[in-house]
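Hydrogens, waters and symmetry mates play no part in the numbers below; they use all other heavy atoms, side chains included.
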Amino acid sequence: AKAFAQYNLEQLTPVKIEGYDDQVLITEHGDLGNGRFLDPKNQVSFKFDHVRKESSDVQPTTGETAIEPWRSACDNALRAYIKNHYPCGICTIYGKTINGQQTIIACIENHQFQPSNFWNGRWRSEWKFTINPPSVQLTGVLKIQVHYYEDGNVQLMSHKDIQESLQISNETQTAKEFVKLIEAAECDYQVCSPQCRLLKNNMSPSSTAQRNNHIHYYEEISPVTDDN
């Protein structure tokens with residue numbers, strides 16, 4: 001069970017909460033202990049079965065009220081971005097006090113599992129900033145994982161760390177600037193990353209020649225870490 005829990009946390013596994021439309025991500029930031037997790041948008045907690053990947057025992061809870069207007073503004077802005085950029089995207093946004101600093105943490109997950117076409121792919125990103133006017137550092141990490149298993153078994157993983165300057169004003173304007181920086185960084189990475197280009201192209205060649213070309217292309221690319 002411990003291995004399943006670690007996997008679900010690392011992969012930002014999405015889960016449906018009974019009675020609510022939006023899925024929530026299983027992350028370390030929402031881990032309340034004793035197998036319970038937080039859905040900050042709907043202000044509920046729930047028990048999560050790491051093996052079945054199912055939620056239960058949904059209970060109302062309250063987050064940190066002082067930071068909720070900031071969290072909610074970022075939540076609304078980021079969901080609009082997700083809807084326009086990720087076909088199966090899920091996001092969860094937390095507002096927490098960390099080391100005395102009011103902090104916004106945004107997690108994004110998008111995956112495509114295509115067993116009939118012999119490939120799986122997952123996008124994950126995590127963004128964080130403190131509410132400390134007038135300007136703070138926005139940090140992010142972007143991760144791509146692709147698994148291609150026709151005529152072979154190749155896994156590609158790539159990640160990139162991001163640091164940007166974010167201007168802090170009011171909740172709504174800060175949320176807009178926050179999402180604007182996320183969009184610029186993620187779009188740039190998706191254009192530059194060969195793993196993401198393959199993922200975007202669905203990795204489903206229609207001919208034997210194309211399949212062979214893809215296999216050679218995969219074999220030539222070793223797992224990459226992008227540090228710049």
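- Linking ILVMFWY residues whenever their side-chain heavy atoms come closer than 4.5 Å, directly or via other members, places W127 and V136 in the same cluster.
- A single hydrophobic cluster is not seen to contain both I93 and F46; linkage of ILVMFWY side chains at heavy-atom distances under 4.5 Å, directly or through other members, places them apart.
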Under 3.5 Å, side-chain donor or acceptor atoms of residues 14-22 against the rest of the protein: list the pairs with distances, not counting sequence neighbours.
from: K16; atom 1: NZ; to: Y20; atom 2: O; distance (Å): 2.2
from: D22; atom 1: OD2; to: K41; atom 2: NZ; distance (Å): 3.4

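- Side-chain heavy-atom separations under 4.5 angstrom define the hydrophobic clusters, and V141 shares its cluster with no other residue.
- Annotation: side chain of Q145 is not in contact with side chain of S158 (no heavy-atom distance under 4.5 Å).
- Residues N120 and V146 form no side-chain contact, since every pair of their non-hydrogen atoms from C-beta on lies 4.5 Å or further apart.
- Other residues sharing a hydrophobic cluster with F4 under the 4.5 Å side-chain heavy-atom criterion for ILVMFWY residues are V51.
- Two residues are said to be in side-chain contact when any heavy atoms from C-beta on lie closer than 4.5 Å; P40 and R71 meet this criterion.
- For the atom pair OG1 of T174 and CG of L138, the computed distance is 11.5 Å after rounding to the nearest 0.5 Å.
- Every residue two or more places apart in sequence or in another chain was checked for a salt bridge (Lys or Arg N to Asp or Glu O under 4.0 Å) with D31, and none qualifies.
- The pair E183-K180 does not meet the salt-bridge criterion, since no charged nitrogen lies less than 4.0 angstrom from a carboxylate oxygen.
- Within the 4.5 Å cutoff, no side-chain heavy atoms of R124 are placed close to those of H159.
- To the nearest 0.5 Å, atoms OG (S125) and CD1 (I162) are separated by 10.0 Å.
- Note that the CG atom of D57 and the OG atom of S45 stand 7.5 Å from one another [nearest 0.5 Å].
- Between H111 atom NE2 and L12 atom CG the span is 12.0 Å, to the nearest 0.5 Å.
- Salt-bridge check for K53 with D49: failed, with every basic side-chain N at 4.0 Å or more from each acidic carboxylate O.
- The distance from atom CD of E28 to atom CD of E126, rounded to the nearest 0.5 Å, is 6.0 Å.
- Checking N153 against H147 by side-chain atom types alone, a donor-acceptor pair falls below 3.5 Å.
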Would you give me the side-chain donor-acceptor pairs under 3.5 Å for residues 96-105, sequence neighbours excluded?
from: K96; atom 1: NZ; to: H29; atom 2: O; distance (Å): 3.0
from: T97; atom 1: OG1; to: E64; atom 2: OE1; distance (Å): 2.5
from: T103; atom 1: OG1; to: Q101; atom 2: O; distance (Å): 3.0

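- The ring pair (Phe, Tyr, Trp, His ring centres under 6.0 Å) contacts involving residues 49-70 comprise F37-H50, F48-H50, where partners must be two or more places apart or lie in separate chains.
- Considering only heavy atoms from C-beta on, I108 comes within 4.5 Å of E186 through its side chain.
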